Amino acid sequence: MKIDRMIGILSILLQQDRVTAPYLAEKFEVSRRTISRDIEDLCKAGIPLVTTQGAKGGISIMEGYKIDNTLLTSEDMQAILTGLRSLDSVSGTNRYVQLMEKLSAGASALVSGGEHILIDLSSWSKSALAPKIELLRGAIACGRCVSFRYFAPKGESFRVIEPYDLIFHWANWYIWGYCQDRQDYRLFKLNRMTELQTGKAFEKRQAPLPDLSTERVFPHLYQVQALIAAEYRWRLVEEYGPDCFVPQPDGRLFVSLGFTDEESILGWILSFRGGAELLEPRALRKKLASFGADLQRLYGDS
């Protein structure tokens, strides 16, 4: 990732008087042109870097310029390393471990010995997820389209997108890209994607950032009122917080929550195995009764 590489370059320049572009290119496994662009971006960010030619030439920080020692505090470096370690939990390679070593080299004053925050971004389907992330990362870097089969509640479809951003949100991984079929930007869940393949190159657009607000992606179209058995208090606290319910005289817990669709409501109520009574919307009470009758017919002889 570019920001990680730029931090790594700056870390090296803080430790060495002068380095060459070929050295940095080999260190970070990128082209010399990429290193040149990184150096330009660091200069634009206010770090005065100087490039000199000749046998003893190279890249260095301008003589007499001192970087504020608060640029990377111990807490800052630990946060960076924690973030990189978390990326290794979904990567099929060890590139992030290597980058951590490059950032840590010679920076013992910034990096303390203890690290007490461990982040694992992997999922139950890690073995299938890691190759998808690597393929999509490569496609984004090279500017190539990606085709895949997508499984959604409304059915299956074959999509071709111009990928722009990998996103970890709502405890899941997504790809944000321009869908050639819908002629618009879309968010796709990686666990619902199969048969991924890279395709032809595309000219990158000025892609907007996705609106990841819960109201936008999961609008509350239904207001649910329900009574939940007291034994499920722990679950309500875990899912919605300790203030989401009101205890009733009979011991049950009254909740009023927003849901996106009927299927989510029915599945949520049924997951309490008889420990939840749906009050509103009343129209769904008939569907629950119908499900109960179907289950009775299916399992009644057991």
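All residue numbers refer to positions in the sequence shown, counting from 1. Quantities reported herein were computed from a predicted structural model and do not represent experimental measurements.
- A distance of 10.5 Å separates CG in Asp261 from NE2 in His220, rounded to the nearest 0.5 Å.
- Ile59 is not listed as a side-chain neighbour of Val50, based on a closest heavy-atom distance of 4.5 Å or more.
- Nearest heavy atom pair, residue Cys179 against residue Arg159, reads SG-NH1, 3.5 Å.
- In this model, no donor atom of one side chain and acceptor atom of the other lie less than 3.5 Å apart for Arg33 and Ser31.
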Pair Phe245, Arg233 - check side-chain contact (heavy atoms from CB on, under 4.5 Å), show working. CA-CA 9 Å; Phe245 56 82; Arg233 181 189 299 262; 3.4 Å; yes
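- Considering only heavy atoms from C-beta on, Tyr185 comes within 4.5 Å of Tyr164 through its side chain.
- Inspection of the Thr34 and Arg5 side chains reveals no N or O donor paired with an N or O acceptor under 3.5 Å.
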For Ser157 and Arg149: C-alpha separation, side-chain torsions, deciding distance, then whether side-chain contact (heavy atoms from CB on, under 4.5 Å) applies. CA-CA 6 Å; Ser157 60; Arg149 186 175 301 281; over 6 Å; no
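- Cluster membership check: Phe291 shares its hydrophobic cluster with Ile269, using side-chain heavy-atom separations under 4.5 Å among Ile, Leu, Val, Met, Phe, Trp and Tyr.
- The 12-atom threshold is exceeded at CD of Gln183, counting heavy atoms of other residues, nucleotides or ligands nearer than 6.0 Å.
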Please step through ring-ring contact (aromatic ring centres under 6.0 Å, His included) for the pair Phe28 and Tyr23, ending with a clear verdict. CA-CA 9 Å; Phe28 293 97; Tyr23 169 82; 8.6 Å; no
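- Counting all heavy atoms, side chain and backbone alike, Ala139 lies closest to Thr198 at CB-CG2, 4.1 Å.
- Arg252 contributes no side-chain N or O that, together with a main-chain N or O of Ile228, makes up a donor-acceptor pair within less than 3.5 Å.
- We find the CG-CG distance between Leu24 and Asp38 to be 9.0 Å, quoted to the nearest 0.5 Å.
- Pairing each heavy atom of Ile140 with each of Leu166, the nearest pair is CD1-N, 4.1 Å.
- When all heavy atoms of Ser271 and Arg235 are compared, the pair lying nearest together is OG-NH2, 2.7 Å.
- Distance alone, capped at 3.5 Å, is enough to place a donor-acceptor pair between the Ser36 side chain and the Arg32 backbone.
- Here the CG-CG distance, from Asp243 to Leu236, works out to 12.0 Å after rounding to the nearest 0.5 Å.
- Under a cut-off of 6.0 angstrom, the local environment of CD in Gln248 is crowded, with over 12 non-hydrogen atoms contributed by other residues, nucleotides or ligands.
- Evaluation of the side-chain hydrogen bond (donor to acceptor under 3.5 Å, both in side chains) rule for Asp181 yields no partner, not counting sequence neighbours.
- Using a 4.5 Å cut-off on side-chain heavy atoms (C-beta onward), Met6 and Asp41 make contact.
- Shown here for Cys244 and Val255, the closest heavy-atom pair between the two residues is O-CG1, 3.7 Å.
- The pair Arg285-Glu280 does not count as a salt bridge, with every side-chain nitrogen at least 4.0 angstrom from each carboxylate oxygen.
- Side-chain atoms of Arg18 and Thr52, non-hydrogen and from C-beta on, do get closer than 4.5 Å to each other.
- Taking the six-membered ring for Trp, Trp173 and Phe168 have ring centres closer than 6.0 Å.
- For Tyr222 and Phe259, the gap between ring centers reaches or exceeds 6.0 Å.
- Annotation: side-chain hydrogen bond (donor to acceptor under 3.5 Å, both in side chains) contacts of Glu262 (sequence neighbours excluded): Lys287.
- The side-chain heavy atoms of Tyr150 and Phe148, taken from C-beta on, include a pair separated by under 4.5 Å.
- Annotation: side chain of Val246 is not in contact with side chain of Leu253 (no heavy-atom distance under 4.5 Å).
- A pairwise comparison of heavy atoms in Ile175 and Met193 identifies CG2-SD, 3.9 Å as the closest pair.
- No side-chain donor-acceptor contact under 3.5 Å links Lys189 to the backbone of Asn172.
- With no hydrogens or angles considered, a side-chain donor-acceptor pair links Glu239 and Trp268 at under 3.5 Å.
- The hydrophobic cluster containing Val224 does not contain Leu227, counting ILVMFWY residues as joined when their side-chain heavy atoms lie under 4.5 angstrom apart, directly or transitively.
- A distance of 10.5 Å separates CG of Leu266 from OG of Ser290, quoted to the nearest 0.5 Å.
- The distance from atom CZ of Arg37 to atom CD1 of Ile39, rounded to the nearest 0.5 Å, is 12.5 Å.
- For Phe188 and Phe151, the ring centers sit 6.0 Å or farther from each other.
- A cation-pi contact links Arg205 to Tyr178, judged by a cut-off of 6.0 Å to the six-membered ring centre and 45° from its axis.
- Side chains of Pro210 and Arg186 form no contact here, defined as non-hydrogen atoms less than 4.5 Å apart.
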Evaluation steps, side-chain contact (heavy atoms from CB on, under 4.5 Å), between Leu278 and Leu288: CA-CA 9 Å; Leu278 179 66; Leu288 284 170; 3.8 Å; yes
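- Panel note: side chain Thr260, backbone Pro219; a donor-acceptor pair is recorded below 3.5 Å.
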Leu209 and Trp176: side-chain contact (heavy atoms from CB on, under 4.5 Å), yes or no, with the steps? CA-CA 8 Å; Leu209 292 175; Trp176 172 251; 5.9 Å; no
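- In the hydrophobic clustering of ILVMFWY residues, with side-chain heavy atoms under 4.5 Å counting as a link, Ile265 and Phe254 come out apart.
- Side-chain N or O atoms of Ser147 include none that pairs as donor or acceptor with a backbone N or O of Val160 at under 3.5 Å.
- The backbone N or O of Phe272 lies less than 3.5 Å from a partner atom in the side chain of Tyr232, making a donor-acceptor pair.
- Side-chain contact between Ile167 and Leu212: present, with at least one pair of heavy atoms (C-beta onward) separated by less than 4.5 Å.
- In this structure, the separation between OH on Tyr174 and CG on Leu190 is 10.0 Å, given to the nearest 0.5 Å.
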